[in-house]
Amino acid sequence: MMDPTPALFTAGSRVGPYLILEKLGEGGMSEVFKGIEPNLERYVAIKIMHRTNMSSPDVMANFMEEARAIANLRHTNIVPLYSAGEEQGVPYLAMGYIEGQTLEDWIMAGRALSLDEAMWFMRQAVAALEYAARSNIIHLDVKPANFMVDSENTVMLTDFGLARKQTEIASGAREDELQGTPAYASPEHIMQEKPDLRTDMYCLGASLFHLMTGEFPYPGETTEEVCRAHVFSPFPIETLQAHDIPNGWCSVIRKMMEKKPADRFQSYEEITFALDNIHHFQYGKKMLSVVETVERRALPRSGGQPDSLFDLVPEDMAVEGDHLFQLQDAYDAQEVYHTLDTRWPVMRLNALVPELRAMQRDSAEDLRSLIQALLLVPSYKETLEVLSTFMANASDARPQSDAEKIELVGLERSRNIAMMSIGLYRPWQPERPMNWHQLWQHQVYTGLLAEFIVDMIGLKPTGMEFLCGAVHDIGKLVLAELYPAKTVAVWMRAFEQNRPLVEIEHEYFGVDHAQIGQEWLHRHKFQPIVRYVTAFHEDPSACLAALAKSKKINLLSLVSGSSGDDETNQLVHLIACANVLAKELGLGYSGNPVLEETPWNEQEMTLAVFEGNSKEDMSKEEFDGFFMETCKLLPDLPFTQLALASEGRQRAWDAAQKEEKKGR
């Protein structure tokens with residue numbers, strides 16, 4: 001069958017003063033040919049617009065804008081424009097022909113830039129973009145495919161098809177939609193905000209990331225996923241570190257790729273200075289000084305470094321540390337409770353209540369509904385997958401289907417994980433969110449470990465172990481919403497001095513997280529047993545006196561008895577015991593760095609809990625082996641990533657979009 005639209009230009013065709021030799025490639029807007037200018041005996045690259053695009057005013061405007069953008073650019077690292085015109089009514093551009101490869105070709109060939117090559121590339125790329133910016137041009141499509149490397153190893157920037165004049169953008173003369181390549185797109189591209197030279201810096205940083213690692217900064221299965229990540233996800237420093245990229249280079253790329261233009265380099269001179277001092281350049285503030293100590297500390301086994309408080313604070317807040325995180329004024333309890341009263345109607349944390357309270361009720365979910373939830377609840381399937389794998393390895397079970405995995409984890413436990421995932425997906429973080437994934441990992445594992453202890457030694461379950469673990473530190477989130485900067489400063493002080501967090505909280509708030517957490521639960525009408533566990537998990541021995549004072553009971557034995565108050569006292573001690581175990585295993589970070597010098601399995605409270613063992617075949621050695629060795633293999637829980645600051649910003653943005661649509 002004949003092509004209904006035969007090629008207008010082929011080898012041997014004339015285009016203005018040029019003769020086409022061969023086709024090099026094509027894109028959505030145009031075809032590119034290698035040609036020769038016979039009079040001057042020089043090769044050229046001829047970009048000819050697709051005829052199908054000539055009916056589009058926007059495409060025509062972009063094509064001619066490229067000609068205007070580079071007409072006056074004369075720089076060693078920019079492919080020159082020789083002429084522009086029309087042939088048979090079709091617009092074309094004639095540019096310098098570069099005998100070489102694009103840097104995208106290098107990536108496709110599996111070639112990653114060495115440190116010397118990265119410097120070679122950046123020196124020339126920065127020179128080209130700086131010259132363009134001084135000439136009033138921003139490129140807006142900086143990516144590896146638009147950098148050519150010629151036979152003399154000169155890097156040359158090409159394809160100014162999306163370029164704009166800075167003055168036109170600033171004056172509002174150009175307000176048409178920003179375009180770009182999603183893999184390297186700046187947040188301004190995605191959010192359709194005004195670009196400037198810092199937009200090109202972001203794209204250059206994303207390109208350098210890819211060139212040095214062979215990986216995209218934000219990979220994703222869909223364009224939407226990639227775009228959302230550029231706007232909301234934290235900078236993927238772990239990828240750079242996995243490729244052994246030195247700190248200086250990590251800092252340069254990180255600063256170029258800041259979400260907010262104001263946080264990036266403000267000029268190409270600043271980038272050049274950073275490159276000149278690449279071995280010493282640092283970006284990202286150390287929030288605290290870590291003092292070496294022989295004392296044991298509760299440290300998370302994964303995550304950030306101690307000097308950044310394990311990435312609790314997002315970069316945009318951390319850089320304000322000199323003046324933001326100060327411990328000067330102290331509050332008393334009355335002031336804190338008054339602030340709670342004032343903020344109560346608008347507290348974001350209250351969004352978690354429906355799912356948390358639902359855990360107090362007997363489950364109505366069956367296996368089928370939990371299987372359906374795997375497709376609907378964010379991160380639920382991934383979390384069940386890693387938990388079931390751990391439990392299978394610990395029991396020699398081999399679950400294959402989703403149903404078998406849910407049954408191995410347990411219906412009630414699976415249901416609670418689903419409810420927790422739904423809760424964390426809600427917009428519960430305040431306006432300036434933080435990275436609370438380590439705290440939630442600690443809380444949830446406290447509940448899970450408490451359940452494991454009950455199962456292991458045959459204690460009578462209350463059905464509230466998971467919930468009580470998951471909320472025992474909820475007061476820390478309450479204080480953080482009321483006083484975000486001071487809460488961070490209190491955590492910093494506790495870590496620097498290796499002191500119990502509750503001591504520092506009392507010094508600066510007049511209350512501790514256990515007390516304010518109990519108050520939050522009381523106002524939301526959680527059951528008394530949940531409130532008691534939260535109130536006394538830091539000092540379980542005080543629970544007896546509190547229950548007696550409330551005229552509920554006289555003195556009780558620690559883990560025996562059958563009354564509801566015995567049950568409360570037992571659960572308080574159980575959660576306190578699991579809380580210490582979670583810290584010892586490094587399952588998240590609670591903000592309290594203190595660990596007793598005595599290992600968990602030898603501590604008095606653990607021994608007292610084990611005295612409740614009702615299984616004759618369960619030895620202390622087997623008990624210790626499971627919790628001190630096997631539980632070291634417990635996986636990080638994927639759904640706790642929903643507590644990252646980036647997820648908080650995403651949920652807030654989604655909620656705002658919904659409200660905006662309602663108002664239309």
Side-chain angles (χ1 to χ4, degrees), residues 187 190-191 193 218 220 224-225 227-234 259-260 311-317 339-359 373 375-383 416-444 467 470-471 473-485 487-488 516-517 520-521 523-526 588 637-664:
I190 295 157
M191 303 302 290
E193 298 171 347
Y218 298 109
E224 182 180 4
E225 283 184 17
C227 289
R228 282 177 177 265
H230 276 291
V231 176
F232 297 110
S233 293
K259 307 297 185 191
K260 298 178 181 178
D311 290 337
L312 169 67
V313 181
E315 190 70 35
D316 62 336
M317 288 182 69
T339 302
L340 181 64
D341 291 338
T342 303
R343 293 278 301 162
W344 188 256
V346 294
M347 279 196 76
R348 293 279 187 88
L349 192 62
N350 295 342
L352 290 172
V353 170
E355 282 68 42
L356 294 177
R357 289 187 63 180
M359 294 183 204
L375 301 175
L376 302 174
V377 179
S379 301
Y380 174 46
K381 182 179 179 66
E382 295 89 338
T383 302
N416 285 338
I417 290 170
M419 299 302 294
M420 198 75 253
S421 299
I422 294 170
L424 291 181
Y425 191 73
R426 292 185 180 276
W428 58 272
Q429 289 240 43
E431 290 182 6
R432 296 200 72 177
M434 288 189 273
N435 295 319
W436 290 113
H437 57 298
Q438 294 279 18
L439 179 60
W440 280 110
Q441 178 118 293
H442 167 77
Q443 291 195 106
V444 171
L467 173 61
V471 300
D473 276 343
I474 197 74
K476 295 170 183 174
L477 295 170
V478 176
L479 288 172
E481 184 160 350
L482 301 180
Y483 308 103
T487 297
V488 173
I516 200 75
W520 186 84
L521 293 167
R523 294 187 183 200
H524 283 298
K525 297 181 170 56
F526 279 79
L637 301 172
F639 78 92
T640 61
Q641 298 297 302
L642 294 170
L644 288 168
S646 58
E647 290 288 336
R649 285 190 286 268
Q650 175 72 63
R651 300 288 81 75
W653 186 80
D654 289 343
Q657 292 295 103
K658 289 180 182 178
E659 288 299 317
E660 185 177 330
K661 288 180 180 178
K662 286 181 183 178
R664 289 175 182 171

Arg651 and Gln429: side chain donor to acceptor below 3.5 Å = no
Can you name the residues that form a ring pair (Phe, Tyr, Trp, His ring centres under 6.0 Å) with Tyr380, not counting sequence neighbours?
-> none
Output for pair (Gln641 CD, Ser646 OG), nearest 0.5 Å, gives 8.5 Å
Note, Arg348 side chain near Arg426 side chain (heavy atom, < 4.5 Å) | no
Where do Ser233 and Tyr218 come nearest, in terms of heavy atoms and distance?
-> O-OH, 3.6 Å
Does any N or O in the side chain of Glu481 come within less than 3.5 Å of the main-chain N or O of Pro430, such that one atom is a donor and the other an acceptor?
-> no
How long is the span from the OG atom in Ser379 to the CD1 atom in Ile417, to the nearest 0.5 Å?
-> 12.0 Å
Separation of Ile516 CD1 from Leu521 CG (nearest 0.5 Å) = 11.0 Å
Which distance, rounded to the nearest 0.5 Å, do you find between the CG of Leu644 and the CZ of Arg649?
-> 9.5 Å
Look at the side chain of Asn350 and the backbone N and O of Pro345, then say whether any donor-acceptor pair between them is shorter than 3.5 Å.
-> no
Between the side chain of Lys259 and the main-chain N/O of Pro234, is any donor-acceptor distance below 3.5 Å?
-> no
Among all residues two or more places apart in sequence or in another chain, which pass the ring pair (Phe, Tyr, Trp, His ring centres under 6.0 Å) test with Tyr483?
-> Tyr331, Phe509
For Gln441, all residues meeting side chain to side chain donor-acceptor pair (under 3.5 Å), sequence neighbours excluded = Asp636
Hey, can you pull the donor-acceptor pairs under 3.5 Å for the side chains in residues 433-440, sequence neighbours left out?
{"residue": "Asn435", "atom": "OD1", "partner": "Ala645", "partner atom": "N", "Å": "2.8"}
{"residue": "Asn435", "atom": "ND2", "partner": "Asp311", "partner atom": "O", "Å": "2.7"}
{"residue": "Gln438", "atom": "NE2", "partner": "Ser302", "partner atom": "O", "Å": "2.7"}

Who are the side chain to side chain donor-acceptor pair (under 3.5 Å) partners of Asp473, not counting sequence neighbours?
-> Lys476, His513, His537
Hey, does Leu424 have a side-chain heavy atom less than 4.5 Å from the side chain of Glu647?
-> no
Close side-chain approach of Met419 to Val377, heavy-atom, < 4.5 Å | no
Pro427 to Ala351 - nearest heavy-atom pair and separation = O-CB, 4.3 Å
Counting N and O atoms only, with roles assigned by atom type, does the side chain of Thr339 sit under 3.5 Å from a partner on the main chain of Leu482, one being a donor and the other an acceptor?
-> no
For the atom pair CG (Leu642) and OG1 (Thr383), what is the distance rounded to the nearest 0.5 Å?
-> 8.0 Å
With Leu356, which residues qualify under side-chain contact (heavy atoms from CB on, under 4.5 Å), at least two apart?
-> Leu352, Met359, Met420, Leu467, Val471, Trp520, Phe526
